[in-house]
Asker: 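Quick one: the structure is below, questions incoming.
What you see is a predicted model, and the numbers here were worked out from it, not measured in a lab.
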Amino acid sequence: MDLYSVIKRAVLTEKSTFVKDLSNQYVFDVDRRANKIEIAQAVEKLFKVKVLNVRTMKVHGKKKRLGRIIGEKPDWKKAVVTLAPGNRIEIYEGV
């Protein structure tokens, strides 16, 4: 799998910024078919950092309603990446 197709976007929420400051962990929206090894390799090569641990979870899409019509957001996969001490990802800084 291509490195740029493994990581879709960075997840910037209140909890992800708290975890980043507390324990040097970063949260990404990743491809649903990607495994932990591919995610770790993609983060290391794209951001030039050392990855210690990767945790993944499947997030089920929420149901949305517009009048009588009930739709559903798509399911997605979230990865929490722990970096080695002293490593940082610059796109997160100042957010």
Asker: Please give me the minimum heavy-atom distance between A84 and N24, naming the atom from each residue.
Answerer: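 Closest approach of A84 to N24, heavy atoms only: O-ND2, 3.1 Å.
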Asker: If every non-hydrogen atom of V30 is compared with every non-hydrogen atom of A79, which pair is closest and at what distance?
Answerer: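 Looks like CG1-CB, 3.9 Å.
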Asker: Do V19 and I89 land in one hydrophobic cluster if side-chain heavy atoms of ILVMFWY residues count as linked below 4.5 Å?
Answerer: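 Unlinked, V19 and I89 end up in two clusters.
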Asker: Check the hydrophobic clustering (I, L, V, M, F, W, Y; side-chain heavy atoms under 4.5 Å; chains of links allowed) and say if Y4 and I7 are grouped together.
Answerer: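 Yes; tracing contacts between hydrophobic side chains, which count when under 4.5 Å, links both residues.
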Asker: With a 6.0 Å cut-off (strictly less than), is the heavy-atom count around NZ of K78, excluding the residue itself, greater than 12?
Answerer: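 Open: at most 12 neighbouring heavy atoms sit under 6.0 Å from NZ of K78.
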Asker: Do you know which two heavy atoms are closest between L52 and P85, and how far apart they sit?
Answerer: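 Heavy-atom minimum between the residues: CD1-CD, 4.2 Å.
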Asker: Could you give all pairs that pass the salt bridge (Lys or Arg N to Asp or Glu O under 4.0 Å) test and reach residues 39-51, with sequence neighbours left out?
Answerer: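 The answer is none; no pair qualifies.
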Asker: Provide the closest heavy-atom pair for Y26 versus R88 in the form atom of the first, atom of the second, distance.
Answerer: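 Between these two residues, the closest heavy atoms are OH-CA, 3.6 Å.
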Asker: Run through V6, V81, V11, T56 and flag the one making a side chain to side chain contact (heavy atoms under 4.5 Å, CB included) with F28.
Answerer: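 Answer after filtering V6, V81, V11, T56: V81.
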Asker: What is the minimum heavy-atom distance between L3 and L46, and which atoms define it?
Answerer: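 Nearest pair, atom of L3 first, then L46: O-CD1, 3.9 Å.
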Asker: Please enumerate all residues that pass salt bridge (charged side-chain N to carboxylate O under 4.0 Å, His left out) together with R65, with sequence neighbours excluded.
Answerer: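 Not a single residue meets the salt bridge (charged side-chain N to carboxylate O under 4.0 Å, His left out) criterion with R65.
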Asker: What distance separates Q41 CD from N35 CG, expressed to the nearest 0.5 Å?
Answerer: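 The distance works out to 8.5 Å.
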Asker: How many angstroms lie between atom CD of E72 and atom NE2 of H60, to the nearest 0.5 angstrom?
Answerer: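 Reported to 0.5 Å precision, the distance equals 10.0 Å.
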Asker: Does a sphere of radius 6.0 Å around CG in L22 hold more than 12 heavy atoms from other residues, nucleotides or ligands, not counting ones at 6.0 Å or beyond?
Answerer: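 More than 12 within 6.0 Å, yes.
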Asker: Using a 3.5 Å distance criterion without hydrogens, assess whether the side chain of N87 forms a donor-acceptor pair with backbone atoms of V51.
Answerer: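 No; zero donor-acceptor contacts below 3.5 Å.
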Asker: Of all the heavy-atom pairs spanning S23 and T82, show the shortest one and how long it is.
Answerer: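 Smallest interatomic distance, heavy atoms only, reads O-CG2, 4.3 Å.
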Asker: NZ of K64 to CD1 of I70: how many Å apart, nearest 0.5 Å?
Answerer: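 Answer for the NZ-CD1 pair, K64 versus I70, is 13.0 Å.
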